[in-house]
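Below: the structure, in structure tokens.
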Number of protein chains: 2
Amino acid sequence: MLKPTTVKDALHSESAQDTILVHGWVRTRRDAKTFSFLELNDGSCLKNLQVIAPATLANYTDVQHLTTGASVTVRGKLVPSQGQGQKWEVTAEDVTVIGTADATYPLQKKGHTPEFLREIAHLRPRSNLFGAVFRTRSRLAFAIHRFFQERGFVYVHTPIITGSDCEGAGELFRVTTHDLANPPKREDGLIDDAKDFFARRTYLTVSGQLEAEAFACALGKVYTFGPTFRAENSNTSRHANEFWMIEPEVAFCDLQGNMDLAEEFVKALIREVRTNCAEDLELFAKFVDKELLARLDFVLERPFQRVSYTEAIELLKKSGKQFEYPVEYGTNLQSEHERYLTEVVFKCPTTVYNYPKEIKPFYMRLNDDDKTVTAMDVLVPGIGEIVGGSQREERLDVLEANMRRHGVDPKDYGWYLDLRRYGTVPHAGFGLGFERMLMFVTGVPNIRDVIPFARTPGNAAF
Amino acid sequence: MLKPTTVKDALHSESAQDTILVHGWVRTRRDAKTFSFLELNDGSCLKNLQVIAPATLANYTDVQHLTTGASVTVRGKLVPSQGQGQKWEVTAEDVTVIGTADATYPLQKKGHTPEFLREIAHLRPRSNLFGAVFRTRSRLAFAIHRFFQERGFVYVHTPIITGSDCEGAGELFRVTTHDLANPPKREDGLIDDAKDFFARRTYLTVSGQLEAEAFACALGKVYTFGPTFRAENSNTSRHANEFWMIEPEVAFCDLQGNMDLAEEFVKALIREVRTNCAEDLELFAKFVDKELLARLDFVLERPFQRVSYTEAIELLKKSGKQFEYPVEYGTNLQSEHERYLTEVVFKCPTTVYNYPKEIKPFYMRLNDDDKTVTAMDVLVPGIGEIVGGSQREERLDVLEANMRRHGVDPKDYGWYLDLRRYGTVPHAGFGLGFERMLMFVTGVPNIRDVIPFARTPGNAAF
């Protein structure tokens with residue numbers, strides 16, 4: 001039996017082929033006097049395969065009724081193309097119509113708004129742009145695994161359902177099997193959490209970092225790559241309530257090593273996408289963001305600028321620029337500040353480190369100045385923060401003091417403190433938002449358009 | 001500055017080294033007259049690096065107090081080992097104690113029960129067995145990505161939070177931001193789901209298949225690899241409430257192609273683990289399951305037996321074997337039946353296909369006999385079912401009839417039916433439980449012991 005060829009393989013064929021079998025969907029049909037041109041796409045690559053269907057075909061009438069979105073199987077010869085823009089085309093000997101698509105097919109060949117396309121998220125990957133986005137998403141994910149696996153990191157699946165409430169209950173999704181209309185009550189009338197599925201309150205994870213630390217303190221170098229959740233009710237182009245995050249964690253690593261790893265990682269991902277998604281990137285550069293390729297190469301070529309938070313604040317103050325949010329030591333950098341630093345002040349990716357301890361979480365390592373902690377954020381042009389991390393506090397007594405200062409009860413983190421009780425080691429790690437990175441490498445400006453089926457406030461369709 | 005070397009790299013060194021820097025945790029210490037032996041492990045591999053710490057070290061008293069679990073940095077020479085069992089050892093010139101571990105360290109060198117080790121899931125990856133399990137888990141995950149990426153499959157992140165209730169509400173976890181003690185009510189007194197975070201009831205996903213089908217009908221070949229959830233209250237060694245699943249989905253693929261892909265996939269994974277986790281597998285073969293390597297090779301060497309459900313039922317009935325659950329056409333195969341088929345009848349991995357339509361979900365393709373659907377399950381010795389899949393029903397009218405027969409309202413699946421309305425194609429796919437596969441390749445008999453932090457009824461610690 002004849003084995004089918006993908007459009008991608010057909011277009012990259014090294015020679016003509018006497019018989020070829022291709023499956024795919026018709027993107028367009030154009031009729032000439034004695035034949036029809038079909039542009040065939042099967043999702044294997046951006047480009048279509050041109051098929052010449054001669055009028056001599058027994059079912060030529062059916063072929064002449066093929067419309068955008070119909071599925072066909074074509075058997076024929078792969079021959080050098082007469083036309084421009086492609087090396088090979090297929091002269092059909094048989095065109096079998098598998099599935100038709102009538103005039104109600106929502107993806108007709110015309111411009112659609114992003115909003116409309118989000119409503120047909122089950123069909124939009126059939127378009128050029130979204131096919132390219134989701135192929136790139138897949139390659140970027142694989143590049144992440146390759147990067148870490150080649151460097152001896154162990155991939156750890158940290159739990160999605162968690163009993164710990166790491167960053168404040170307001171932003172958490174509750175997971176429950178209680179009947180909400182009639183939850184079990186205790187004698188005092190309160191809901192009986194002990195009767196919930198896991199015998200306690202449980203939530204969707206906001207980060208796998210603490211669990212990753214446990215594994216780094218056993219296996220040395222680890223990384224997570226999984227979904228994380230925020231119940232923030234914010235409708236911006238950069239926030240989704242369900243997104244994927246990568247969190248490497250390295251034992252015997254300090255802030256310096258952490259900054260080096262983050263820089264190497266970001267550059268390696270860009271390099272991989274530049275190499276393996278060249279055709280799709282060209283589409284983004286043409287239709288989404290004309291500056292895209294220049295920006296990616298710019299990041300690749302330069303060492304990242306490194307500047308302390310204190311220096312960054314001084315530079316922002318000295319700039320004379322009027323910001324919406326005032327620049328003040330001891331407050332978090334806003335997106336506008338981050339972008340100003342990377343786009344205007346340094347004109348290159350910038351790593352800001354050593355933030356005031358008051359504005360960072362309890363687990364970050366306290367510096368000798370007793371004022372700052374070893375936090376670090378990587379800022380890139382066009383996006384702002386893309387990586388956030390720190391060296392972790394490995395000293396038991398200091399960590400416990402940090403916790404108390406942050407209103408966290410050390411008793412709730414017994415297992416986490418064990419990592420400091422038994423063979424503690426300096427260690428560090430960071431988080432990279434997968435979708436942020438994907439937006440950066442594709443230029444696509446809305447996070448809803450780089451996620452197959454995005455979850456945003458009021459929206460969990462499909 | 002001297003760059004640290006991992007224990008793995010040190011043990012695989014091609015030559016002696018004048019200066020080497022290694023970090024790690026002390027597994028054991030043994031004192032001789034003029035020196036101490038330290039067995040150092042850093043999680044990079046199963047084996048320890050032997051360190052000779054001479055009594056001439058300035059802090060030799062500290063070295064003599066090192067106990068199991070302590071962390072150290074060692075600088076010294078990598079020299080040919082005098083002892084047996086290793087090619088290289090380190091003669092220390094400097095041993096820096098980083099973190100001590102006192103007598104309360106729970107992982108002392110002695111046998112522990114699996115139950116106890118589950119209670120210290122944050123420390124157990126520091127043991128030989130669990131270090132090996134989680135390194136293998138990581139390599140297996142990467143092998144899965146490699147398998148599909150090399151074959152042109154696109155990795156799709158299907159949503160974790162979902163509005164659809166695919167397999168019956170009883171087994172679903174609810175996701176909500178309602179205040180359970182005081183949920184918003186409608187005028188009729190019922191809870192107002194429209195006021196929940198996503199303006200509807202939402203659950204944790206039980207499968208990404210339907211969404212993967214949408215992407216396969218655009219990109220051709222896709223796969224998912226993500227967490228899935230069942231709120232089943234069953235405490236068995238093979239069930240967890242949170243587990244990872246792989247679901248490939250292929251356009252223009254039928255039952256035959258699906259069975260071929262599943263067989264190729266399972267074999268490729270075993271081959272990868274055999275090659276890349278050889279040392280860890282030896283540990284499993286020695287301490288967990290003496291038959292392990294023979295069973296893996298057995299699966300690798302043989303073509304999988306293929307048998308229809310009807311034939312399988314006849315074979316089971318003819319066997320004369322007394323089963324706990326009676327064998328009857330039209331009922332699901334139980335684990336005991338599956339294992340009997342693969343272990344006794346065929347003595348090799350077995351793919352059972354074409355099940356009665358009544359016992360399979362609505363999306364499976366109806367065969368021409370109008371009685372059976374194109375389901376297929378791969379059964380392996382020792383485990384039973386490891387893969388379950390089917391060709392999907394691509395005919396709109398038949399699918400709608402299937403839905404009604406299963407009490408599913410086609411109106412609730414408008415987008416899914418669109419895939420059949422517009423350019424429908426034959427397509428097929430299957431699901432592989434990641435932890436089941438990991439149990440199969442490691443021989444570890446309890447699913448709780450192949451998951452970093454397992455979620456089971458009443459249990460969401462860490």
Side-chain angles (χ1 to χ4, degrees), chain A residues 23 25 42-44 69-71 98-99 101 105 122 125-126 131 134-135 138 141-142 145 149 152 154-157 159-161 163 173-177 180-181 183 191 197-200 202 211 214-215 218-220 227 231 242 244 252 415 418 422-425 452-453 455 458-460 462, chain B residues 23 25 42-44 69-71 98-99 101 105 122 125-126 134-135 138 141-142 145 149 152 154-157 159-161 163 173-178 180-181 183 191 197-200 202 211 214-215 218-220 227 231 242 244 252 415 418 422-425 452-453 455 458-460 462:
Chain A
H23 301 301
W25 290 270
D42 67 354
S44 62
S71 50
I98 310 284
Y105 183 52
H122 60 304
R126 302 183 184 194
F134 294 118
R135 275 189 301 270
S138 173
F142 188 52
H145 284 295
Q149 296 273 346
V154 175
Y155 181 30
V156 180
H157 290 119
I160 310 300
I161 298 173
F173 287 107
R174 179 82 183 264
V175 175
T176 183
T177 51
L180 264 58
I191 291 174
F197 193 88
F198 295 106
R200 65 203 293 170
T202 49
E211 291 90 354
F215 271 66
L219 303 175
E242 174 180 320
W244 285 63
F252 303 100
W415 69 267
D418 272 358
Y422 305 118
T424 191
V425 296
F453 301 95
R455 269 65 183 111
N459 218 323
F462 304 101
Chain B
H23 300 302
W25 290 270
D42 68 353
S44 62
S71 50
I98 310 285
Y105 184 53
H122 59 304
R126 301 183 184 193
F134 294 117
R135 275 189 301 271
S138 172
F142 189 52
H145 284 295
Q149 296 273 346
V154 175
Y155 180 31
V156 180
H157 291 119
I160 311 299
I161 298 173
F173 288 107
R174 178 82 182 265
V175 175
T176 183
T177 52
H178 276 336
L180 264 55
I191 291 174
F197 193 89
F198 295 106
R200 65 202 294 170
T202 50
E211 291 90 354
F215 271 66
L219 303 175
E242 175 180 320
W244 286 63
F252 302 101
W415 69 266
D418 272 358
Y422 305 116
T424 191
V425 297
F453 301 95
R455 269 65 182 110
N459 219 322
F462 306 100

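Order of the sequence lines fixes the chain letters, A, B, ..., with proteins taken first and strands second; residue numbering starts at 1 for each chain. These figures come from a predicted structure and were not determined experimentally. Heavy-atom basis, side chains included; hydrogens, waters and symmetry copies ignored.
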Contact part of [X] toward chain A, heavy-atom cut-off under 4.5 Å: side chain, backbone, both or neither?
{"X": "B:Trp415", "answer": "both"}
{"X": "B:Leu180", "answer": "both"}
{"X": "B:Ala70", "answer": "backbone"}
{"X": "B:Arg174", "answer": "both"}
{"X": "B:Pro227", "answer": "side chain"}

Check: [Y] main-chain N/O paired with [X] side-chain donor or acceptor under 3.5 Å:
{"X": "B:Glu242", "Y": "A:Ile161", "value": "yes"}
{"X": "A:Ser138", "Y": "B:Val154", "value": "no"}
{"X": "B:Trp25", "Y": "A:Ala218", "value": "no"}

### Interatomic spacing from NE2 in A:His145 to CZ in B:Phe142 - rounded to 0.5 Å
8.5 Å

### Task
Drop me the distance from B:Phe252's CZ to A:Ser71's OG, to the nearest 0.5 angstrom.
5.5 Å

### Message
With a 4.5 angstrom heavy-atom cut-off, is it the side chain or the backbone of A:Arg455 that approaches chain B, or both, or neither?
### Response
both

### Query
Quick one: what part of A:Ser44 sits under 4.5 Å from any heavy atom of chain B, side chain, backbone, both or neither?
backbone

Given the options [options], which has more heavy-atom pairs under 4.5 Å with chain B than any of the others?
{"options": "A:Ala101, A:Gly43, A:Gly423", "answer": "A:Gly423"}
{"options": "A:Arg126, A:Glu211, A:His157", "answer": "A:His157"}
{"options": "A:Ala199, A:Pro159, A:Gly69", "answer": "A:Pro159"}
{"options": "A:Gly220, A:Pro452, A:Ala141", "answer": "A:Pro452"}

### Message
side-chain contact (heavy atoms from CB on, under 4.5 Å), that's the test. Do B:Leu219 and A:Arg135 meet it? Break it down for me.
### Response
CA-CA 8 Å; B:Leu219 303 175; A:Arg135 275 189 301 270; 4.0 Å; yes

### Query
Are B:Phe197 and A:Phe173 close enough that their ring centers fall under 6.0 Å?
yes

### Query
Are B:His122 and A:Asp418 close enough that some pair of their side-chain heavy atoms sits under 4.5 Å apart?
yes

### Task
Name the option with the most non-hydrogen atom pairs under 4.5 Å to chain A; the candidates are B:Phe134, B:Tyr105, B:Phe198.
B:Phe198

### Shortest non-hydrogen contact from A:Thr176 toward B:Thr176
CG2-CG2, 4.3 Å

### Query
Between A:Phe215 and B:Phe453, what is the ring plane arrangement, given parallel below 30°, perpendicular above 60°, and tilted in between?
perpendicular

